[in-house]
Amino acid sequence: MPELPEVEHLRRSLDPVLVGARLHAVTVRRRSVVDRSGAELGDALLSGQTIVATHRRGKQMALEAGNGRALVVQLGMTGSMTIEAGVAPRGMEAKHRHVLWDFSPVNAAGPRGSTPRWRLAFRDPRRFGGLTAYASMDALHQTWSELGPDALTISASDLAAALARARRPIKAALLDQGVLAGVGNIYADESLFAARIHPLRLAAALEHAEVAELARQLRRILSAAVEQGGSTLRDYRDAFGQPGTAVQSHAAYGREGQPCLTCGTPLEGIRVIARATVFCPQCQPRCQDLSTNVGMTVPVQGGRAAARPSRRAK
DNA sequence: CTGGTCTCCTGATCGC
DNA sequence: TGCGATCAGGAGACCA
């Protein structure tokens with residue numbers, strides 16, 4: 001599922017192709033995926049406009065047009081923006097393509113210098129994503145100012161400020177885009193594991209050193225995932241259909257019941273605000289006092305001795 | 001005000 | 001082989 005690294009990688013792969021390109025015709029096959037707030041559909045979708053920049057805040061990506069309008073792309077669970085260079089997709093790949101733009105790429109000259117026509121496609125089978133039109137960059141920034149600071153560059157002090165009044169589990173706070181922008185279920189679990197913080201710890205009660213470590217791990221894990229092209233579990237592809245490889249470095253997400261890569265204890269699975277959550281009961285103690293007692297005999301609640309083999313049967 | 005739960009939506013997977 | 005049940009979860013609506 002696309003989170004910040006996937007969206008940023010997508011933006012970086014689209015940017016050189018789209019900036020400077022002019023969007024010709026736009027085809028809307030399912031207009032319910034477009035929130036145009038009163039604008040005419042073609043205007044909302046930047047028809048006829050030249051793309052002058054791409055932007056990102058959290059999990060949202062925006063295309064800025066020459067006339068000042070902006071179009072925000074939200075990928076939701078299964079959304080994608082792909083470049084179709086000549087060949088049209090077939091089969092399942094051709095389904096659920098809700099909006100299609102014809103455009104002339106900037107850096108790709110066709111035969112005898114003629115400019116080929118490429119296509120940009122917004123596809124989203126589950127339709128948790130969508131496109132939102134803004135009349136100006138000011139209007140867009142207004143909306144984006146309601147998001148928390150971007151997780152890719154989060155500082156310890158900014159994270160501390162964001163969490164200071166969050167009277168809820170740290171994992172719930174991390175997933176709230178108004179607190180911190182860009183983190184979803186995968187990278188919430190990964191960053192909490194790396195920072196050795198239990199997902200149910202009260203956000204506002206974290207020690208400053210823990211918040212600083214969490215900010216550091218967020219930056220490290222997210223930027224590494226961007227470089228790896230994001231995490232492809234099933235659906236995610238970049239602008240040219242390539243999957244990301246960051247899933248190979250997941251230490252917690254999707255590893256319930258498997259041994260912790262640090263201590264070997266079977267990872268535990270719980271649900272936090274209805275999200276599947278995986279953590280190490282040994283490395284991420286619920287009671288913060290335990291983490292200061294490294295080396296001592298740490299009492300572990302519940303019978304963790306049973307390595308819950310029930311789930312591994314296959 | 002805060003935070004937890006529900007709802008949308010489709011495809012993959014599992015069990016029988 | 002087929003089919004129904006289950007699961008995945010971002011984000012906004014809704015409720016305690």
Side-chain angles (χ1 to χ4, degrees), chain A residues 1-8 10 29-35 37 56-62 72-81 89-99 121-132 143-148 150-151 161-192 199-206 222 225 230-237 243-244 247 250 252-257 269-278 310-314:
Chain A
M1 58 226 66
E3 299 180 27
L4 186 154
E6 292 75 35
V7 178
E8 176 61 13
L10 175 68
R29 307 166 118 190
R30 187 185 282 273
R31 58 175 59 205
S32 64
V33 304
V34 185
D35 178 358
S37 60
R56 182 193 59 77
R57 176 81 176 257
K59 306 174 194 175
Q60 301 187 28
M61 181 180 67
V72 162
V73 180
Q74 286 184 275
L75 300 178
M77 285 283 294
T78 55
S80 65
M81 286 283 268
R90 287 182 294 183
M92 279 303 295
E93 290 300 301
K95 290 181 65 179
H96 307 296
R97 286 146 77 239
H98 306 309
V99 179
F122 173 67
R123 179 172 180 268
D124 186 14
R126 223 127 128 203
R127 275 180 272 149
F128 278 19
L131 307 172
T132 308
T143 296
W144 277 4
S145 71
E146 291 165 16
L147 294 172
D150 194 78
L163 298 178
R165 276 165 285 100
R167 305 186 188 290
R168 52 178 153 166
I170 179 61
K171 169 142 181 186
L174 289 179
L175 292 177
D176 185 338
Q177 301 302 296
V179 171
L180 182 68
V183 176
N185 205 39
I186 295 174
Y187 297 105
D189 277 9
E190 292 301 314
S191 60
L192 288 172
L200 291 177
R201 295 271 308 283
L202 192 64
L206 293 177
L222 292 173
S231 296
T232 295
L233 296 182
R234 180 181 305 149
D235 299 297
Y236 175 74
R237 296 290 186 277
V247 69
H250 292 175
Y253 183 85
R255 297 194 67 244
E256 176 184 350
I270 59 174
R271 294 190 83 81
V272 180
I273 53 167
R275 301 286 191 280
T277 299
V278 180
S310 55
R311 204 173 164 282
R312 292 306 309 156
K314 189 168 186 180

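Predicted model, so just to flag it, every value in this text is computed and none were measured. Below, chains carry the letters A, B, ... as their sequence lines are ordered, and counting in each starts from 1.
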Do the non-hydrogen side-chain atoms of A:K59 and A:Q74 ever get within less than 4.5 Å of each other?
no

How many Å lie between CG on A:D176 and C1' on C:dA11, as a whole number?
10 Å

Counting C-beta onward and ignoring hydrogens, is there a side-chain heavy-atom pair between A:L175 and A:I273 closer than 4.5 Å?
yes

Rounded to the nearest Å, what distance is computed from the CG atom of residue A:L75 to the P atom of nucleotide B:dC9?
19 Å

Should A:K171 and A:D189 be marked as a salt bridge (Lys or Arg N to Asp or Glu O under 4.0 Å) after you check the CA-CA gap, both sets of side-chain angles, and the distance that decides it?
CA-CA 8 Å; A:K171 169 142 181 186; A:D189 277 9; 2.7 Å; yes

When you measure from every atom of DNA chain B, which of residues 164-171 of chain A have a heavy atom less than 4.0 Å away?
A:A166, A:R167, A:R168, A:P169

Out of C:dG10, B:dG11, C:dA8, which has the shortest distance to the side chain of A:R126?
C:dA8

Rounded distance in Å - CG (A:L147) to P (C:dG12)
9 Å

In whole angstroms, the gap separating C1' of C:dT6 from CZ of A:R271 amounts to 11 Å

Roughly, in whole Å, what's the span from CG in A:L175 to C1' in B:dT2?
16 Å

For the pair made of CD in A:Q177 and P in C:dG12, what is the distance, rounded to whole Å?
9 Å

So A:L10 and A:P2, do their side chains get closer than 4.5 Å, heavy atoms only?
no

Starting at atom CZ of A:R275, determine the distance to atom C1' of B:dT5, rounded to an integer number of angstrom.
10 Å

Can you name the nearest heavy-atom pair linking A:L163 to A:L206, along with the distance?
CD1-CD1, 4.4 Å

Considering just the side-chain nitrogens and oxygens of A:K59, establish if one lies under 4.0 Å of OP1 or OP2 belonging to C:dA11.
yes

Has the side chain of A:R127 got a donor or acceptor that lies under 3.5 Å from a partner of the other kind on the base of B:dC9?
no

A:D189 CG to C:dG10 P: how many Å, rounded?
11 Å

Nearest to the A:I273 side chain among B:dT5, C:dA8, B:dT10, which nucleotide is it?
B:dT5

Would you call A:R56 and A:D150 a salt bridge, using N to O less than 4.0 angstrom?
yes

Would you say a side-chain N or O of A:H96 is under 4.0 Å from OP1 or OP2 of B:dG11?
yes

Students often get this wrong, so: under 4.0 angstrom with heavy atoms, is A:Q74 touching a base, only sugar-phosphate, or nothing?
sugar-phosphate

Can you name the nearest heavy-atom pair linking A:E93 to A:R123, along with the distance?
O-NE, 3.4 Å

